[in-house]
2 protein chains.
Amino acid sequence: MAHHNNGMTRDEKALMQALSRAISVVPRVLDADLQRDQQLPLTDYFALTYLSEAEGQRLRINEVATRLSMTISGATRTVNRLEALELVARERSASDGRGADVVLTEVGLKRLKEAWPSHRDSARRRVLDRLDANELAVLTKALNSIGAEPDDFDSADCPPQS
Amino acid sequence: MAHHNNGMTRDEKALMQALSRAISVVPRVLDADLQRDQQLPLTDYFALTYLSEAEGQRLRINEVATRLSMTISGATRTVNRLEALELVARERSASDGRGADVVLTEVGLKRLKEAWPSHRDSARRRVLDRLDANELAVLTKALNSIGAEPDDFDSADCPPQS
DNA sequence: GTGTTATAGTTGCCCAGTCAAGTAAATTCT
DNA sequence: AGAATTTACTTGACTGGGCAACTATAACAC
């Protein structure tokens, strides 16, 4: 009877449970908040954010994909959505005609600025306010360790950008 | 230039980034490992686990949904999948004929036992081995705080079950 | 008991994102 | 230079899961 717990301690099990729960809940609530307040999906919001932070407000599709931790094809579709809303534009790269740069438009920047306070408050309510300073530090470090790609994937979180 | 960072500190931003990254990466790699080694989706594996831990190896659909942090309709579909593989069976509840109990079958239990070592190793490699004891403790607590349902959702992790 | 409301699931429709195959430009080989 | 390979996407087919509408049983009002 019972489960013998072969080599996973109580604490480890508790962590895995907490982790899977957080993994389901957090993106859902953050996305729901943003959709409700700004009619903007969280993914699209993040894409706009990364573009706004990039020099020249532009990124290649594959850079968008990397930052969103998404496949390139997923990023293509995300960019399609944003392009349809005219929040970004595709520009054929001068240096490499195979793919396009994704450029943040004026409208896109405006939209991002509108959405930002809402997301910030949401992140506070749902996450940041629930942590003390120590937890924040430890959590960041720990999540970075486990989020780093393992071995069969290449990590590249913040390429050196000029 | 620069973004003025209206009320979100550098550290807070770093946390949110680490969090969104982990949220994308962790379930993907755990699921990929399990699919590769056991041809079993992570969600289905969790469902089997929760059933195996339940008394009588049975749960109502809504309990499955709660444990998986999923909607009832999502749980219905998960159970459909498992039922098609004969890993679980639906049994009309004697006490409440509106819905069925989901019962783990012999085959289902066997399958779970086969899959378990693989998932355990995967969890170790991808998560547990990357944390020290302190991080484990803090992370568990922190994730439980942020995974707890907020205000517009009712939390119910372990309803008192007879 | 009959009518009303609440509860438990199921189903149709949709959307985001993955994978595999396809296209087109760039690079390397010779 | 021309062929072969690699790179950078794009696209078609599919899957998982969400929402809203629906069905069926249960519980409550009378």
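Below, each value reflects all heavy atoms present in this structure, side chains not excepted, and no hydrogens, waters or symmetry copies. The chains referred to below are lettered A, B, ... by the order of the sequence lines, with proteins before strands, and numbering in each begins at 1.
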Salt bridge (Lys or Arg N to Asp or Glu O under 4.0 Å), that's the test. Do A/Asp101 and A/Arg60 meet it? Break it down for me.
CA-CA 5 Å; A/Asp101 283 7; A/Arg60 305 294 298 250; 3.6 Å; yes
Would you please name every residue forming a side chain to side chain donor-acceptor pair (under 3.5 Å) with B/Asp11, sequence neighbours left out?
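With sequence neighbours excluded, B/Asp11 shows a side chain to side chain donor-acceptor pair (under 3.5 Å) to no residue whatsoever.
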A/Gln38: partners by side chain to side chain donor-acceptor pair (under 3.5 Å), with sequence neighbours left out:
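Applying side chain to side chain donor-acceptor pair (under 3.5 Å) to A/Gln38 gives none.
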Please list each protein N or O that sits under 3.5 Å from an N or O in nucleotides 2-4 of chain D, with the distance.
none

Which residue lies toward the 5' end of DNA chain C, A/Gly74 or A/Ala94, if each is placed at its nearest nucleotide?
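That would be A/Gly74.
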Tell me whether A/Leu143 shares a hydrophobic cluster with B/Val138, the cluster being built from Ile, Leu, Val, Met, Phe, Trp, Tyr side chains joined at under 4.5 Å.
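A/Leu143 and B/Val138: separate clusters.
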Any Lys/Arg nitrogen of [X] or [Y] sitting under 4.0 Å from an Asp/Glu carboxylate oxygen of the other?
X: A/Arg124; Y: A/Asp121; value: no
X: B/Arg130; Y: B/Glu135; value: no
X: B/Arg28; Y: B/Asp31; value: no

Under 4.0 angstrom between B/Thr71 side-chain N/O and D/dG17 OP1 or OP2
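Checking B/Thr71 against D/dG17: no side-chain N or O falls below 4.0 Å of OP1 or OP2.
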Calculate the interatomic distance between [X] atom [atom1] and [N] atom [atom2]; express it in whole Å.
X: A/Gln35; N: D/dC19; atom1: CD; atom2: C1'; result: 12 Å
X: B/Arg92; N: D/dA24; atom1: CZ; atom2: C1'; result: 8 Å
X: B/Asp44; N: D/dT15; atom1: CG; atom2: P; result: 13 Å
X: A/Arg28; N: D/dG16; atom1: CZ; atom2: P; result: 17 Å

At the 4.0 Å heavy-atom cut-off to chain A, mark where contacts on DNA chain C begin and end, going 5' to 3'.
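Contacts span C/dA16 to C/dA26, reading 5' to 3'.
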For B/Arg90 and B/Asn80, does a side-chain donor sit closer than 3.5 Å to a side-chain acceptor?
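Present: a donor and an acceptor within the cut-off.
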Any idea how A/Tyr45 and A/His119 line up, ring-wise: parallel (<30°), tilted (30 to 60°), or perpendicular (>60°)?
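Taking A/His119 first and then A/Tyr45, their aromatic rings sit tilted (interplane angle of 30° to 60°).
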Just one of A/Leu48, A/Asp44, A/Leu109 clears the side chain to side chain contact (heavy atoms under 4.5 Å, CB included) bar with A/Val88, so which one?
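Only match with A/Val88 under side chain to side chain contact (heavy atoms under 4.5 Å, CB included): A/Leu48.
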Nucleotide-resolved protein contact map, nucleotides 7-14 of chain D, B/S/- at heavy-atom distance under 4.0 Å
BSSBBBB-
At under 4.0 Å between heavy atoms, what does A/Thr43 touch on the DNA or RNA strands: base, sugar-phosphate, or nothing?
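Sugar-phosphate: the residue A/Thr43, judged by heavy atoms under 4.0 Å, touches backbone atoms but no base.
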Run the ring-ring contact (aromatic ring centres under 6.0 Å, His included) test against B/Tyr50 and tell me which residues pass, sequence neighbours left out.
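Not a single residue meets the ring-ring contact (aromatic ring centres under 6.0 Å, His included) criterion with B/Tyr50.
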